[in-house]
Amino acid sequence: MDATIHGNSAILPNAWPTNARAPATLNRQPRDAQGCDYARSMAGDSLGKKSAQRRGRKHREVRITARAGHGGPGGGHGEGADETLTAGRAPSSGRPRLDRAQDRQFRFWIDYQALSSAGSADLLEQALRAAGGVKAGGPPKTDPATGAKRDDGMFGYMHMDAWDLLWSVTARAALAADLLRRHQMLGIIPGLLAVSRKTTLVRSLRDLFGEAAWDIVPRSYKLPDELDEWGRWVAGNPERDTGFWMLKNNKQRGTGLRLVPTEEAFTACFETTPRPDLAPGVHLYRWYLAQQYVTKPMLIDGRKFGVRVWVLVSDAAPLRIYIYNRGLVLFSSHRYDADQVSAPHGRDGEGSASPGPAPCHVTNYAQNENGDVWSLAQLADHLGLASWCKVWKAMCRSAASAFAAALPRGAEVLAEVRPPPHTCFQFFGLDFLIDRRLRAWLLEVNATPSMKVEHTDPRVAELIYCQKWPAVRDMVALLGICPERFDERAQGGPTKDRSTPAYALEELRRRGGFLPVLHLLPHPDYSTTPFAAADAGLLRTLPWSPADRALREWCRTSREYQRAAEEVPCRGE
C-alpha cells in the first residue's frame, strides 16, 4: 500500500463508516462609477489634470505615469525605466523628474515573479510612483517580447540594499522580515499567516471563540486531524447538516475545491495526489479542510455572488485596522442550481480528474472571467438601507474578529522575527458570502489581493477600476508613504514614534475611504487575563500592550474616531 503524507508525517489511509428582487440588468451603470475615466487611466493619464477636472474631483497631486517597460534590479533609471512626470510636461530623457522638493525619491521593489499574474500589482505601482517612488527592481513575471513566464528568481529579499519598500507574497516577504532596517517598509506583517490561509483562519477563530467561531465562518474541520470530530458532529446533528460539504486545499483563485454530499464526503476526503518533489508511490492528501456548504445563498437574478472587501492593517504594535468603503460584488457566470453538484467536465480546475464544483457554485473572479460585477453601492441599492447596514456591520465585526484571532500567533512570530518598529503593514482581500437571511459568512482572507483591472466590457472594467484604484491610492496615503517617510533626517521619518494616539489621529485624518474597526476588537480590559477572557466568551487571552490600551482609550474618547467608525459606505450615494 502506498504511503500518504499529510504535513510531515506518512499516514496510511483508514476506512471511514459510512428572495431578493432582481434588477433589470446586472451591468447597469453604477452611480459611484460615473465619470471614472478608465480608458484614459489605462493609457497612463488617469490622474491627469483635465481628467480630474472633468470628474469634478480634487487631487492633492496631479501626475501622469508613463509606462516605458520593466527595469531589472537597479532599473529605476536609464533605458527602459519608467518615468513619473508632472502633468502637462513632455517626457524627459535619463533620470525621472519629480515635482517635489529637492527631487526626493524612495525606492520600491515589487516581486512580480511571485504574484499570481503579470498585472497583479499594476495599481500599486501607479500609486507608489505618484507618491514619489521609483522602481528599484523586480523583474516582470513574463518576458515582454514572448509572453513566456520568466524564471530569473530575482526577489527583493535577495537585494536588501536595493529598496526602501518591498511588496511580495507572504513566503517571499517573510525572508526579508528579520533583515529589515528601520527606514524600510515591508508589505506583510509576520504572523498574520494565522488568518490568511483557509486552514489557519478556521483554527485561529476556533482557538479564540470556540463554537462561536461558526457564527463567523461556516462550520469546518481540518483534515485529516479532525476526521473523528467531524464524523461525530454529523452523526449527532442531522438536523443542522446542510447536506453538502466543500472540500478545500490552500490553492487560490477558486481552484482546489470539491463539493460533495455528506454521504460521499467521508470517502472523498481521502483522495490523494502525487507531487514531483516526492518519492514515487508517496502521495499527499488532496484536501486540507471540510467546510459546511451554505446551501441557501442570497441570489440576484438567479445567480450566486460573493463580496470582496479590502482591509488594511497599518501596524501590529499597536494594532490598527481599517476596512475600505468600496468593494466588488462578483457574480457566478451561471444560474444557481442546487441539484447540480459537480462540474460537467469532471475536473477540479487544476487539471485533476477529481471533479470540481459546478460553475454555479463558484463566484471567484478567476473562475468567472469577464463575468458580471457590481460595486457595493449597487448592492446597497438593491438591498435597501436597513438590510445593507446589517450586512455591512456584520462584515466589519467578522473582519475584526478574524484579526483578533490572529493576535496570539502573530505576537509569537513578531517576538521571534523582531522587525524594527512600524516597518510592517499588510493589505488584505476578504471574501464574504451573503445568505438569504442576510448573514455574512467569511470564507477567505487573501494575503495578496489582485490590484489589476481586467475585463472585456469597458463599462465593467471602469467599475472595477473605480473600486480598486481609490483603495490602493488611499492605502499609500494612510500609511504616509512618501520620500520623507524613509529619510531619517526628516521629521516624519523612520524615527518618528508611531505608537501613540497622537499618531493614530494623524493616520485617521489621512484615511480617505478607509473606516476604522479597532473598536470592534475584544477590549484589553476583558481579554488580557484568563478570568476576564472567560467571562467575555474567549478561550484564550490576547497579548495587548500598554500602547494598545492607550489607543483603545483614545478610540473611546475621540469624537473624530467615533464619527469615522459610525460611517456606513454607499449610504445616500
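All heavy atoms count here, side chains included; hydrogens, waters and symmetry mates do not. As the structure is a prediction and not an experimental result, all values here were calculated from the model.
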Is the ring pair Trp388/Trp392 parallel, tilted or perpendicular, if the boundaries are 30 and 60 degrees? tilted

Under a 4.0 Å N-O cut-off, is there an ion pair linking Lys248 with Glu444? no

For a 4.5 angstrom cut-off between non-hydrogen side-chain atoms, does Val307 reach Leu328? no

Could you tell me whether the side chain of Ser204 and the main chain of Thr200 form a donor-acceptor pair under 3.5 Å? yes

Can you list the residues that meet the ring-ring contact (aromatic ring centres under 6.0 Å, His included) rule with Tyr561, with sequence neighbours excluded? His519, Trp554

Does Ser375 offer a backbone N or O that forms a donor-acceptor pair with the side chain of Gln378 under 3.5 Å? yes

Here the gap from Ser450 atom OG to Leu115 atom CG, rounded to the nearest 0.5 Å, amounts to 9.0 Å

Rounded distance (nearest 0.5 Å) linking atom CG of Leu166 with atom OG1 of Thr423: 11.5 Å

Could you label the plane-to-plane angle of the Trp310 and Phe427 rings as parallel, tilted or perpendicular, counting under 30° as parallel and over 60° as perpendicular? parallel

With side chain to side chain contact (heavy atoms under 4.5 Å, CB included) as the criterion, how do Leu379 and Ile300 come out once you've worked through the C-alpha distance, each side chain's angles and the decisive distance to 0.1 Å? CA-CA 10 Å; Leu379 181 59; Ile300 296 179; 4.0 Å; yes

Lys304 side chain reached by His334 side chain, heavy atoms, under 4.5 Å: no

Phe486 meets the ring-ring contact (aromatic ring centres under 6.0 Å, His included) criterion, sequence neighbours left out, with Phe106

Residues forming a side-chain contact (heavy atoms from CB on, under 4.5 Å) with Arg418, sequence neighbours excluded: none

Check whether any side-chain heavy atom of Leu478 lies under 4.5 Å from a side-chain heavy atom of Tyr322, and answer yes or no. yes

Answer yes or no: is there a donor N or O on one side and an acceptor on the other, between the side chain of Asn446 and the main chain of Thr448, under 3.5 Å? yes

Can you check whether Met154's main-chain N or O pairs, donor with acceptor, with Asp152's side chain at less than 3.5 Å? no

Give me the atom names and distance for the closest heavy-atom approach of Ala447 to Ser196. CB-CB, 3.7 Å

Sequence-distant partners of Ala404, side-chain contact (heavy atoms from CB on, under 4.5 Å), two or more places apart: Leu208, Leu521, Pro522

Side chain to side chain contact (heavy atoms under 4.5 Å, CB included) for Trp441 and Ile434? Distances and angles first, verdict last. CA-CA 6 Å; Trp441 296 98; Ile434 313 301; over 6 Å; no

Residues in ring-ring contact (aromatic ring centres under 6.0 Å, His included) with Tyr324, at least two apart? Phe514

Residue set satisfying side chain to side chain donor-acceptor pair (under 3.5 Å) with Arg203, at least two apart, ordered chain then number -> none

Which pair of heavy atoms, one from Ser314 and one from Glu507, lies closest together, and at what distance? OG-OE1, 3.1 Å

Any sub-3.5 Å donor-acceptor pair from Gln113's side-chain atoms to Gly153's backbone N or O? yes

His455 side chain to Gly371 main-chain N or O, any donor-acceptor pair under 3.5 Å? yes

Please enumerate all residues that pass side-chain contact (heavy atoms from CB on, under 4.5 Å) together with Asp315, with sequence neighbours excluded. Arg320, His422

Quick one: does Leu257's side chain get under 4.5 Å of Met246's, heavy atoms only? yes

Hey, is the main chain of Arg150 close enough, under 3.5 Å, to the side chain of Lys141 for a donor-acceptor pair? no

Close side-chain approach of Leu443 and Val217, heavy atoms under 4.5 Å: no

Measuring from atom CZ of Arg326 to atom CG of Leu376, what distance do you get when rounded to the nearest 0.5 angstrom? 9.5 Å

Residues 174-190, side-chain donor-acceptor partners within the protein, below 3.5 Å, at least two apart:
residue	atom	partner	partner atom	Å
Arg181	NH1	Asp161	OD1	2.6
Arg181	NH2	Asp161	OD1	3.0
Arg182	NE	Glu488	OE1	3.1
Arg182	NH2	Glu488	OE1	2.7
His183	NE2	Asp164	OD1	3.4
Gln184	OE1	Arg181	N	3.0
Gln184	NE2	Met160	O	2.8
Gln184	NE2	Trp163	O	3.0

Check: Phe331 and Val329 side chains under 4.5 Å, non-hydrogen atoms: yes

Are any non-hydrogen side-chain atoms of Asp122 and Val453 less than 4.5 angstrom apart? no

Run Lys198 and Tyr288 through side chain to side chain contact (heavy atoms under 4.5 Å, CB included) and show every step you take. CA-CA 9 Å; Lys198 297 179 181 72; Tyr288 300 165; over 6 Å; no

Side chain to side chain donor-acceptor pair (under 3.5 Å) filter on Ser398, not counting sequence neighbours, yields none

Passes side chain to side chain contact (heavy atoms under 4.5 Å, CB included), Arg107 versus Leu165? Steps please. CA-CA 6 Å; Arg107 305 162 300 162; Leu165 185 149; over 6 Å; no

Are any of the side-chain heavy atoms of Leu192 and Val313 separated by less than 4.5 Å? yes

Does the side chain of Asp111 pick up a donor-acceptor pair with the side chain of Trp109 at under 3.5 Å? yes

Run the side-chain contact (heavy atoms from CB on, under 4.5 Å) test against Ser220 and tell me which residues pass, sequence neighbours left out. Val202, Trp214, Leu289, Gln291

Tightest non-hydrogen contact, residues Ala400 and Leu520, listed as CB-CB, 3.6 Å

Rounded at 0.5 Å granularity, tell me how far CG in Leu442 sits from CG in Leu201. 5.5 Å

Salt bridge (charged side-chain N to carboxylate O under 4.0 Å, His left out) involving Arg172 - partner list, sequence neighbours excluded: none

Give me the atom names and distance for the closest heavy-atom approach of Pro569 to Leu515. CD-CD1, 4.0 Å

Partner set under ring-ring contact (aromatic ring centres under 6.0 Å, His included) for Phe403, not counting sequence neighbours: Phe428

Here the pair of heavy atoms bringing Cys389 nearest to Val568 is SG-CG1, 3.9 Å

Output for pair (Gln126 CD, Arg473 CZ), nearest 0.5 Å, gives 10.5 Å

Of all the heavy-atom pairs spanning Arg510 and Leu479, show the shortest one and how long it is. NH2-C, 4.1 Å

If you measure from OG1 on Thr142 to OH on Tyr112, what distance do you get to the nearest 0.5 Å? 11.0 Å

If you measure from the Lys or Arg side-chain nitrogens to the Asp or Glu carboxylate oxygens, is any gap between Glu567 and Arg511 under 4.0 Å? yes

Could you go through the salt bridge (charged side-chain N to carboxylate O under 4.0 Å, His left out) check for Glu566 and Lys393 one step at a time? CA-CA 10 Å; Glu566 291 170 359; Lys393 290 178 180 179; over 6 Å; no

